[in-house]
Amino acid sequence: MASAASISSQEEDSRQYEMSSVSRKRSHAESVAAVERGDYSLAPITPPLKKPACESQYMTREYLSRLEKNMTICKPAPFTNDEEAVREREACDYSTKITLEMARAGTAPRPIRVYADGIYDLFHQGHARQLMQAKNLFPNVYLLVGVNSDSLTHRRKGRTVMTEDERYEAVRHCRYVDEVVPDAPWTLDDEFLEKHKIDFVAHDDIPYTTGSATDVYAHIKARGMFVSTERTEGVSTSDVVSRIVKDYDVYVRRNLARGYSAKELNVSYINEKKYRLQNKIDDLKKKGKEMMEDIEGKRTDLILKWEEKSREFIDAFLMLFGRDGRLTQYLSEKKDSVMMALSPPSSPKPGSQSSEECNSPPAKTSKFDFSSRARASLVDDDYSDDEEPGGI
């Protein structure tokens, strides 16, 4: 018989299980609202767990705490001053230095903090690929990404298309990033490295001078903390901007058609009218092309129907007049009759009478045929001088 302590423990575990199940039954709208507020402490939506058959073995506080620990939701990377990033940084024992050999061998006693920086304007696949390489440099990497501010970028390199806040958000939503360092410095000094407990710095191996003769990462390379990544050829922010400038008229006309004003696009009044006229001409061309395609489609349908009808006509003609057609079969069946009709028998020769002619009745004479009677009267009325009537 179970003791009172064990029964009480089972009841407590069961109550904890039910409470955790209720907490997991959160609606999707609540989760979305929590993410929009920036509250990522809530557990994600998961189906209720099936209660194990043997509660006393599995339904323990350790089991429930492990379940709660594994429940996470997708969220952007924290900024360096956020509580999550501070907690991760404080947990790092930076006194234990990690060498490049230890990192590559996978024998580091803690997560390896790798730092990558850049402007990340118009965040594209080249940026994402660079961060992916930095994340996969060693096993168990914690990737920090520094993003330069607008003022520093404009002073050192030039104007950007995106603002610093837009660039921060673009980077922190990359899946490879664990922490974002806003307003990152142009040159990394020892104080910055110590503050963020950086073990290695990742960047492409091409010297980054930005107009000066000194490589920005020369100090890092001298300390043996530099790890090179590979550039993605064929794509860069400058290439993207060049494409936009090349097709400037196309993009302006498209945005005017979408409802943007000329002032928002920094377009003069004359150019605005020119672009709008070009849009109307293009619309007319498009409609004309669609009309011609419609006509072409109808013409194609007509040709197909005509070919189908002509094929049917040819088949019917061959069925009637072909070598094995109905007319040929009919003529072959009626050949003798047709030959008799086309070639009648010749007239009989004189002196030859057939049996039919012998047995046939005499031919009827004409009603006014007096030829025989005339010959008889001529014989009867012939009186010669040698024989006179009453002569001896």
Side-chain angles (χ1 to χ4, degrees), residues 28 32 36 74 76 118-132 153 157-171 173-176 230-329:
H28 178 69
V32 173
E36 291 178 352
C74 296
I119 300 171
Y120 300 106
D121 192 20
L122 296 176
F123 193 85
H124 50 74
Q125 71 268 27
H127 297 142
R129 187 169 179 270
Q130 184 241 349
L131 297 178
M132 179 189 69
T153 304
K157 193 170 183 179
R159 291 195 59 84
T160 58
V161 178
M162 301 170 64
T163 64
E164 59 183 25
D165 292 333
E166 293 171 340
R167 292 185 285 114
Y168 297 157
E169 289 297 321
V171 172
H173 283 84
C174 179
R175 61 185 298 182
Y176 312 114
E230 197 175 306
R231 288 182 64 89
T232 303
E233 299 297 334
V235 59
S236 65
T237 302
S238 299
D239 294 335
V240 177
V241 173
S242 298
R243 296 177 200 171
I244 297 173
V245 173
K246 179 182 177 181
D247 299 326
Y248 170 77
D249 291 351
V250 176
Y251 294 121
V252 171
R253 287 166 54 188
R254 184 182 67 180
N255 288 332
L256 285 174
R258 289 180 175 179
Y260 286 87
S261 65
K263 184 178 180 181
E264 291 174 331
L265 299 173
N266 196 23
V267 176
S268 65
Y269 177 81
I270 297 176
N271 287 334
E272 178 191 4
K273 297 303 178 184
K274 181 184 72 174
Y275 292 139
R276 293 192 184 279
L277 179 61
Q278 290 176 349
N279 285 340
K280 290 183 179 180
I281 293 174
D282 289 346
D283 290 340
L284 291 175
K285 288 182 180 179
K286 184 178 179 181
K287 291 180 180 179
K289 184 178 179 180
E290 291 176 354
M291 186 181 299
M292 292 301 297
E293 290 177 353
D294 188 24
I295 294 174
E296 182 70 19
K298 291 182 180 179
R299 186 174 71 87
T300 304
D301 293 341
L302 182 62
I303 292 175
L304 292 176
K305 289 181 180 179
W306 172 255
E307 290 179 353
E308 184 179 353
K309 292 295 182 183
S310 61
R311 193 178 297 109
E312 292 178 358
F313 175 77
I314 293 172
D315 293 341
F317 181 84
L318 293 176
M319 187 179 296
L320 182 62
F321 298 101
R323 178 177 297 179
D324 298 327
R326 295 177 182 176
L327 184 60
T328 303
Q329 294 177 0

K.L.:
One pair to check against side chain to side chain contact (heavy atoms under 4.5 Å, CB included): Ile119 and Arg167. What are the steps and the verdict?
P.N.:
CA-CA 8 Å; Ile119 300 171; Arg167 292 185 285 114; 3.7 Å; yes
K.L.:
Checking Thr237 side chain against Asp121 main chain: does a donor-acceptor pair fall under 3.5 Å?
P.N.:
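Checked: pair present.
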K.L.:
Might you point out which heavy atoms bring Arg129 and Arg231 nearest each other, and give the distance in Å?
P.N.:
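Looks like NH1-O, 3.8 Å.
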K.L.:
Side-chain contact, heavy-atom cut-off 4.5 Å: His124 with His127?
P.N.:
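Sidechains of His127 and His124: in contact.
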K.L.:
What heavy-atom pair brings Ala170 and Phe123 nearest, and what distance separates the two atoms?
P.N.:
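Closest approach of Ala170 to Phe123: CB-CB, 3.9 Å.
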K.L.:
CG of Asn266: more than 12 outside heavy atoms within 6.0 angstrom?
P.N.:
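Result for CG/Asn266: open.
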K.L.:
Pair Glu308, Leu304 - check side chain to side chain contact (heavy atoms under 4.5 Å, CB included), show working.
P.N.:
CA-CA 6 Å; Glu308 184 179 353; Leu304 292 176; over 6 Å; no
K.L.:
Are any of the side-chain heavy atoms of Met132 and Arg175 separated by less than 4.5 Å?
P.N.:
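No, their side chains stay 4.5 Å or more apart.
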K.L.:
Measuring from Asp249:CG to Asn271:CG, what's the distance to the nearest 0.5 Å?
P.N.:
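The CG atom of Asp249 sits 8.0 Å away from the CG atom of Asn271.
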K.L.:
What heavy-atom pair brings Tyr251 and Asp247 nearest, and what distance separates the two atoms?
P.N.:
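Answer, listing the atom of Tyr251 first, then Asp247: CD1-O, 2.9 Å.
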K.L.:
To the nearest 0.5 Å, how far apart are OH in Tyr248 and CG in Leu265?
P.N.:
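Taking OH in Tyr248 and CG in Leu265, the distance rounds to 7.0 Å.
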K.L.:
Taking all heavy atoms of Gln130 and all of Tyr120, pick out the closest pair and write down the distance.
P.N.:
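Closest pair (atom of Gln130, atom of Tyr120, distance): OE1-OH, 3.2 Å.
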K.L.:
Could you report the tightest heavy-atom contact between Gly234 and Arg243, atom names first, then the distance?
P.N.:
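Closest pair (atom of Gly234, atom of Arg243, distance): O-NH2, 3.9 Å.
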K.L.:
Testing the basics here: between Leu131 and Cys174, what is the closest heavy-atom pair and its distance to 0.1 Å?
P.N.:
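Closest approach of Leu131 to Cys174, heavy atoms only: CD1-SG, 4.2 Å.
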K.L.:
When you look at CD1 of Ile270, are more than 12 heavy atoms from neighbouring residues, nucleotides or ligands closer to it than 6.0 Å?
P.N.:
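Atom CD1 in Ile270 is not packed in, count stays at 12 or less.
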K.L.:
Rounded to the nearest 0.5 Å, how far apart are NZ of Lys274 and OG of Ser268?
P.N.:
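Interatomic distance, Lys274 NZ to Ser268 OG, rounded to 0.5 Å: 8.0 Å.
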K.L.:
Can you find a pair of side-chain heavy atoms, one from Lys285 and one from Ile281, that are under 4.5 Å apart?
P.N.:
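Side-chain contact under 4.5 Å: yes.
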K.L.:
Checking side-chain polar atoms at under 3.5 Å, does Ser242 have a donor or acceptor matched by the opposite partner on Asp239?
P.N.:
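Per modelled atom types, Ser242 and Asp239 side chains form no pair under 3.5 Å.
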